[in-house]
Amino acid sequence: MALVERRRAAADAGLAQALHGAIHALEPLRGVWEPAFEAHRTARTELQALDPAYETRTLRTVKTASGLTVNDRSDPAVDAMLQLMEAQQQHEAHWRGEIVMRVPDFDDASVAHNAVLWGYRNRDYGSGAEVGVATAFAARAAWRDLIPEESVPHLQRIMASLLRFLWGQQKVQHLEHWMMSAHREVIALAIERVRSSWAPPESSIALQETRALSTAIDHAFAAPAGGSKFAQVRAALQSSDSVAPALVELRDEIEATIHRLHRLDPYAAADFGAWILGDLLTRIHAASAGPDGWREVALGCSSLYEAFESKQEGWFMPYLMDGFKEVRESGGQDLFAQWSGSVL
């Protein structure tokens, strides 16, 4: 009997592994090939039947230092609201399963999909990892010949700011497929625009503006001649008379450039805004990881970035309008969502 049970367990384990592989292979196909949709649903059902330990996730109560309680289920109104939200998310998670990475990633959509999903799975929002993730995926896009090697710095900056914005809009309990689809489209648009407008010979009207502002930022944090460079940067940044006016001037110039470009081409303004914010994030990341003398550089760039943080949605609107177009037209309901919703 024990031998039979072991063989049955081994068979179930082998079947589960095979089902995982099938689900992974069918994931990118089910939206474009009808048989893949049915096969994916069947494989998910069989896999869940083999997993008796399957449990839905719940939000945890969080108590802040100030005494404020978030997700406190002792409050009936809060508990009812959370149950409504969780019912929808758990329903989708149960029928669809978790979103998986796309392998291989030969096209814009696959690279964009993996970049967005990477940050969600690792909770990278606000962690300072945006620059590293954007750098890795920009380099991968070049390796896949999606963009020229010379365009990697441009995509890295634009992607870093867009990813930070998108990761901040995601729910942490379950990443809905409609949201994943829209966010993927936003990043795929960025890759396509870098390939078409930011690759030699660059045709983007925002390019010269980014170069000019990047040079101005360099000058704002440049040390005067003589002495240790790091010591002079520290001294310059500690002097409000020398730094504060420069930061205010930079902020005003960036906003004026956004408005000027928006009159010419809203997408160019969005590209410029994403590039500049990504450049600031890159400088913050480099300065934070550098010697002690660079800490004030990180603080200065952080204050400049924070001045624009509330304006990102307006700046990125061309990307968001096109990226969320399909979601707006369908209400976030694809064929699977319509079917699963009917059995909820």
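Starting from 1, each residue takes its place in the sequence as its number. For the numbers below, each heavy atom of this structure counts, side chains included, while hydrogens, waters and symmetry mates do not.
Residues V152 and F106 are members of separate hydrophobic clusters, defined by side-chain heavy-atom contacts under 4.5 angstrom among Ile, Leu, Val, Met, Phe, Trp and Tyr. A continuous path of hydrophobic side-chain contacts links L264 to I258 [ILVMFWY only; heavy atoms under 4.5 Å]. Clustering ILVMFWY residues whenever any of their side-chain heavy atoms sit less than 4.5 angstrom apart, transitively, puts W118 in a cluster other than the one holding W143. Both M321 and V116 belong to a common hydrophobic cluster when Ile, Leu, Val, Met, Phe, Trp and Tyr are linked at side-chain heavy-atom distances under 4.5 angstrom.
Separating the OG atom in S214 from the CZ atom in R157 is a distance of 6.5 Å, to the nearest 0.5 Å. Atom CG of L155 sits about 13.5 Å away from atom CD of E150, to the nearest 0.5 Å. One distance of note links CD1 of I158 with CD1 of I191; it measures 11.0 Å at 0.5 Å rounding. Atom CG of L320 and atom CD of Q312 lie 10.0 Å apart (nearest 0.5 Å). Taking OG of S204 as the start and NE2 of H154 as the end, the distance is 8.5 Å to the nearest 0.5 Å. Distance check, rounded to the nearest 0.5 Å: CG of D105 to CG of N114 gives 5.5 Å.
Panel note: side chain T135, backbone V131; a donor-acceptor pair is recorded below 3.5 Å. In this structure a side-chain-to-backbone donor-acceptor pair under 3.5 Å is missing from Y120 to W167. Judged by distance alone, the side chain of S161 and the main-chain N or O of A274 form a donor-acceptor pair under 3.5 Å. In this structure a side-chain-to-backbone donor-acceptor pair under 3.5 Å is present from H113 to V100.
Between H183 and F324, the ring center distance clears the sub-6.0 Å criterion. Between W315 and F272, the ring center distance fails the sub-6.0 Å criterion.
The environment of E313 atom CD is sparse: at most 12 non-hydrogen atoms of other residues, nucleotides or ligands sit within 6.0 angstrom.
When side chains are defined from C-beta on, R102 does not count as touching L117, because their heavy atoms never get closer than 4.5 Å. The shortest distance between side-chain heavy atoms of D271 and W198 falls below 4.5 Å. Between V111 and I187 there is no side-chain heavy-atom pair separated by less than 4.5 Å. With a 4.5 Å cut-off on side-chain heavy atoms, S196 and S203 do not count as touching. Looking only at side-chain heavy atoms (C-beta outward), L162 and L277 stay at 4.5 Å or farther from each other.
V186 and G323 make their closest contact through CG2-CA, 4.0 Å (heavy atoms, listed as atom of the first residue, atom of the second, distance). Nearest heavy atom pair, residue A199 against residue P148, reads CB-CG, 3.5 Å. Looking at every heavy atom in both residues, L250 comes nearest to A216 through CD2-CB, 3.6 Å. Closest approach of I147 to A138, counting heavy atoms only: CD1-O, 3.9 Å. Minimum heavy-atom separation, P266 to P318: O-CG, 3.6 Å. Here the closest non-hydrogen pair linking G278 and A160 is CA-CB, 4.5 Å.
Using modelled atom types, one finds a donor on one side chain and an acceptor on the other under 3.5 Å when comparing Q156 with T282. Side-chain atoms of T215 and D218 include no donor-acceptor pair closer than 3.5 Å. R283 and Y305 are not linked by any side-chain donor-acceptor pair at a separation below 3.5 angstrom, with hydrogens and angles left out of the test.
Relative ring orientation between Y319 and Y267 is described as perpendicular, the plane-to-plane angle rising above 60° on a 0-90° scale split at 30° and 60°.
A salt bridge is absent between E306 and R251: the closest approach of a Lys/Arg side-chain nitrogen to an acidic carboxylate oxygen does not fall below 4.0 angstrom. Salt-bridge formation is detected for the pair R260/E209: a Lys NZ or Arg NE/NH1/NH2 atom is positioned less than 4.0 Å from an Asp or Glu carboxylate oxygen. A salt bridge links D108 with R195: the distance from a Lys NZ or Arg NE/NH1/NH2 to an Asp or Glu carboxylate oxygen falls below 4.0 Å.
With sequence neighbours left out, R211 forms a side-chain contact (heavy atoms from CB on, under 4.5 Å) with E202, L207, Q208.
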>> Assess the residue pair R164 and E309 against the criterion (side chain to side chain contact (heavy atoms under 4.5 Å, CB included)); give the C-alpha distance rounded to whole Å, side-chain angles, the decisive distance to 0.1 Å, and a yes or no.
In response: CA-CA 10 Å; R164 179 180 171 84; E309 201 160 13; 3.3 Å; yes
